[in-house]
Novice: 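My questions will all concern the structure given below.
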Amino acid sequence: MSLFCRYSCTFSRPLSSASILSLLRRCKTIRSLEQVHPHIIHKGCEQDAFLITEFISLCIAFSSNLSYPTSLFERITQPNIYLWNTLVKGYCRHSSLTNSFWVFSRMKVALDVTPDKYTFPPLIKNCANSLALREGRVLHGLILRCGTDCDVFVGSSLIDFYGKCKEIQCARQVFDGMPVRNEVSWTAMIVGYLNYGDPAEAKNLFDGMAKRNVASWNAMISGFVKLGNLKSARHLFDEMPERNAVSYTTMIDGYAKAGDMESARMLFEQLVEKDIISWSALISGYAQNGQPTEAIQMFYRMQFSSVKPDEFIMVSLMSACSQLGCLELAKTIDSNMHGSSFDLRRVHIAAALVDMNAKCGNMDRASTLFEEMPTRDIVSYCSMMQGLSIHGRGLQAVALFDRMLKEGLVPDSIAFTVILTACSHAGLVEEGCRYFDSMVNEYSLEPSPEHYACLVDLLGRSGKLKTAYELLNSMPVKPHAGAWGALLGACKLHCDLELGEEVARRLIELEPLNACNYVLLSDIYAAANKWLDVSLMRLQIRERGLRKVPGRSWV
DNA sequence: TGCTCTGCTG
């Protein structure tokens, strides 16, 4: 029996305001609040500003939907300052800057109320998060006129605002002018300097703080992590008197971004109360560092804790699955995503779903999801093209690239890598050369070693072995082994013994331990009936203790 | 009379 049914039985006798208040305070969801509402009406408390403020406050905490709290507010004939401030806060948290200012302007013309020190902080915070410098300055002017500039909350939010907008001088002016400062004001100032790119001044302030709390330490650690200075970050982490989940997560993420998953994992295991963000930092770290199996293992471990996965974690999981190309897992994740409350139209989720299905070989599903996307960007196009390319559908990839251009999207360096690879896999020589040409001449993009490798492959396949060889020797960037390997493959295809020997020599210099290079050369000798050389190559492979790793696939 | 505001993590 729910909490409310007990009271509903005695509905004829209205509850006292105090009982309604205690009911309100036990509410955990917007649903339960809706069940308390009739009691407020029954008691005739609809105009009770205190109760309604509490009610609206809870609505805002539980849901981002403002229509319900707004309709309650509109029924109040003369809202007091508490009610106005609560409504402003709700709009600041859940709506646009324009709408927040709209509520604020209504408040300013309302009778009997004047904006006070409680009104401004949420509005300034909203400006800070939107980097709305002009609007924030207007508020600052009003704050000075209202005389609320001495309040520590108002001052702290102004410091944060100017800091986020990189107006560090203004932030410092507010900071220096404050009659009373607390840890929040100091931390906001420190973060401002870190964000501005002045870690020395940040550290200077941090060292000068009379009283630091865990957030001030975390801010300083996060600053060092963002600068890539893991040593200093770890030093502070070890030095701080007490640590919370944020401290650990900041360090874990720092190690993960630096590719040091071992240290990340070690700290993660030390963290007693693992929250969703710490799980996410570790799982995404594994996924981004090419350790998909570990990412998936950690995901399964998380399922046994009380933490429920959110969209960040699901995107990492899908990325890990893509790397493995595991179709079964992809199907499971896909169906779970559809049965869940995740908003699949959100770009990054939709893109991850397309990418996972494409890389795992479910092209039909990927294609459906791709077409259903509300907007398609370069990333989602690249996922589809790469999927088509992996599965040998080069012509379709080319068609998709052209469609992307027609949609007005401008291809970047990665998009060209994808389409050139697709062309080279599918042997689309003409198309590939055309794309390479347009990348350099139309889009003025500097070709990378990968782009050159694709071009070498394309030239080689079409029999232009000499051109490809000259390209490799004259290109402005240092060719990687893949480019030489592509040419060696082409030499084998076109039975060019002389060039094959030369290319293999260069390649073996670059990668003396890769058995494939020796095998390719021995294949070329075999095709030319030079059996003595074939056996010499095999002897070399044995003598050097090399073994060809057999190709394998997860699909 | 009570209730409303600020800084650090994926």
Side-chain angles (χ1 to χ4, degrees), chain A residues 17-18 21 24-25 48-58 60-61 79-90 92-93 107 113 115-126 128 143 148 151-161 163-164 171 174-175 178 181-192 194-195 206 209 212-226 233 236 240 243-254 256-257 264 268 271 274-285 287-288 307 309-316:
Chain A
S17 307
L21 189 62
L24 276 179
R25 296 207 168 137
D48 183 330
F50 170 60
L51 264 186
I52 300 297
T53 304
E54 187 80 19
F55 198 96
I56 292 178
S57 233
L58 290 167
I60 291 161
N80 64 10
I81 185 78
Y82 294 110
L83 264 166
W84 275 110
N85 286 342
T86 305
L87 192 72
V88 166
K89 178 187 146 198
C92 285
R93 192 185 291 182
M107 175 186 183
V113 287
D116 64 3
K117 60 179 186 177
Y118 291 98
T119 321
F120 291 110
L123 284 165
I124 301 164
K125 187 179 181 163
N126 201 351
I143 285 165
T148 51
D151 178 67
V152 67
F153 284 78
V154 173
S156 300
S157 48
L158 277 173
I159 294 170
D160 177 57
F161 159 71
K164 284 209 168 87
V174 174
F175 180 78
M178 284 171 79
R181 290 182 283 256
N182 62 12
E183 291 94 323
V184 180
S185 340
W186 282 83
T187 307
M189 195 64 239
I190 288 169
V191 171
L194 289 167
N195 184 35
F206 180 75
M209 277 178 86
R212 303 178 194 126
N213 62 17
V214 68
S216 357
W217 284 91
N218 290 343
M220 204 58 228
I221 291 173
S222 158
F224 279 131
V225 164
K226 280 180 190 146
L236 285 178
M240 67 195 288
R243 290 172 276 268
N244 62 11
V246 178
S247 331
Y248 279 91
T249 307
T250 309
M251 282 309 304
I252 290 169
D253 189 49
K257 294 234 163 74
F268 181 80
L271 175 57
K274 300 168 173 59
D275 64 8
I276 190 150
I277 305 183
S278 40
W279 281 103
S280 175
L282 193 76
I283 293 173
S284 78
Q288 281 165 21
V307 176
D310 66 1
E311 55 186 70
F312 289 92
I313 290 177
M314 293 315 290
V315 167
S316 294

Novice: Sequence neighbours excluded, which residues qualify as side-chain hydrogen bond (donor to acceptor under 3.5 Å, both in side chains) partners of E54(A)?
Specialist: R25(A)
Novice: Given dT4(B), dT9(B), dT6(B), identify the nucleotide with an atom nearest to the side chain of Y118(A).
Specialist: dT4(B)
Novice: Decide, applying a 5.5 Å centre-distance limit and a 30° plane-angle limit (both strict), whether F153(A) stacks on dC5(B).
Specialist: yes
Novice: Can you measure N213(A) atom CG to dT6(B) atom C1' for me and round it to whole angstrom units?
Specialist: 12 Å
Novice: Mind checking what makes side-chain hydrogen bond (donor to acceptor under 3.5 Å, both in side chains) contact with K125(A), not counting sequence neighbours?
Specialist: none
Novice: Is K274(A) positioned over the aromatic face of F268(A), cation under 6.0 angstrom from the ring centre and no more than 45 degrees off axis?
Specialist: yes
Novice: Touch check for K89(A), heavy atoms < 4.0 angstrom, all strands: base, sugar-phosphate only, or nothing?
Specialist: sugar-phosphate
Novice: Ignoring hydrogens and geometry beyond distance, is the side chain of N218(A) in donor-acceptor contact with the base of dG7(B) at under 3.5 Å?
Specialist: no
Novice: Under the rule for ring pair (Phe, Tyr, Trp, His ring centres under 6.0 Å), what residues qualify as partners of F224(A), not counting sequence neighbours?
Specialist: none
Novice: For N195(A) and dC8(B), give me the distance from atom CG to atom P, rounded to whole Å.
Specialist: 10 Å
Novice: Taking only the side-chain heavy atoms of A215(A) (C-beta and beyond), determine which of dC8(B), dT6(B), dT4(B) contains the nearest atom.
Specialist: dC8(B)
Novice: Is there side-chain contact between M220(A) and L194(A), with at least one heavy-atom pair below 4.5 Å?
Specialist: yes
Novice: Round to a whole Å and report the spacing from CG of L21(A) to P of dT1(B).
Specialist: 17 Å
Novice: Please work out which residues in residues 244-254 of chain A have a non-hydrogen atom less than 4.0 Å from an atom of DNA chain B and list them by number.
Specialist: V246(A), T249(A), T250(A), D253(A)
Novice: Just compare dT9(B), dT4(B), dT6(B) and give me whichever is closest to any side-chain atom of I277(A).
Specialist: dT9(B)
Novice: Give D310(A) one of three labels, base, sugar-phosphate or nothing, depending on what nucleic acid heavy atoms sit under 4.0 Å from its own.
Specialist: base
Novice: Which one, dT6(B), dT4(B), dG2(B), comes nearest to the side chain of N85(A)?
Specialist: dT4(B)
Novice: Between dG10(B), dC5(B), dT6(B), which nucleotide gets closest to the side-chain atoms of I313(A)?
Specialist: dG10(B)
Novice: Can you name the residues that form a side-chain hydrogen bond (donor to acceptor under 3.5 Å, both in side chains) with T250(A), not counting sequence neighbours?
Specialist: none
Novice: Rounded to whole angstroms, how far apart are CD1 on I221(A) and P on dG10(B)?
Specialist: 13 Å
Novice: Looking at dT4(B), I'd like to know if its phosphate oxygens (OP1 or OP2) sit under 4.0 Å from a side-chain N or O belonging to K117(A).
Specialist: no
Novice: Where the side chain of D275(A) is defined as all heavy atoms beyond and including C-beta, which of dT9(B), dG10(B), dG2(B) is the nearest nucleotide?
Specialist: dT9(B)
Novice: F161(A) CZ to dC5(B) C1': how many Å, rounded?
Specialist: 17 Å
Novice: E183(A) side chain: which of dT4(B), dG7(B), dT6(B) is closest?
Specialist: dG7(B)
Novice: Distance check needed: dT4(B) P versus L51(A) CG, whole Å only.
Specialist: 14 Å
Novice: How about T148(A) and D151(A): does a side-chain donor come under 3.5 Å of a side-chain acceptor?
Specialist: no
Novice: Taking atom P of dT6(B) as reference, at what distance in whole Å does atom CG of N126(A) sit?
Specialist: 11 Å
Novice: Just how far, in rounded Å, is P of dT9(B) from CH2 of W217(A)?
Specialist: 17 Å
Novice: Going by the rule side-chain hydrogen bond (donor to acceptor under 3.5 Å, both in side chains), which residues pair with D116(A) if we only count those two or more places apart in sequence or in a different chain?
Specialist: N85(A), T119(A)
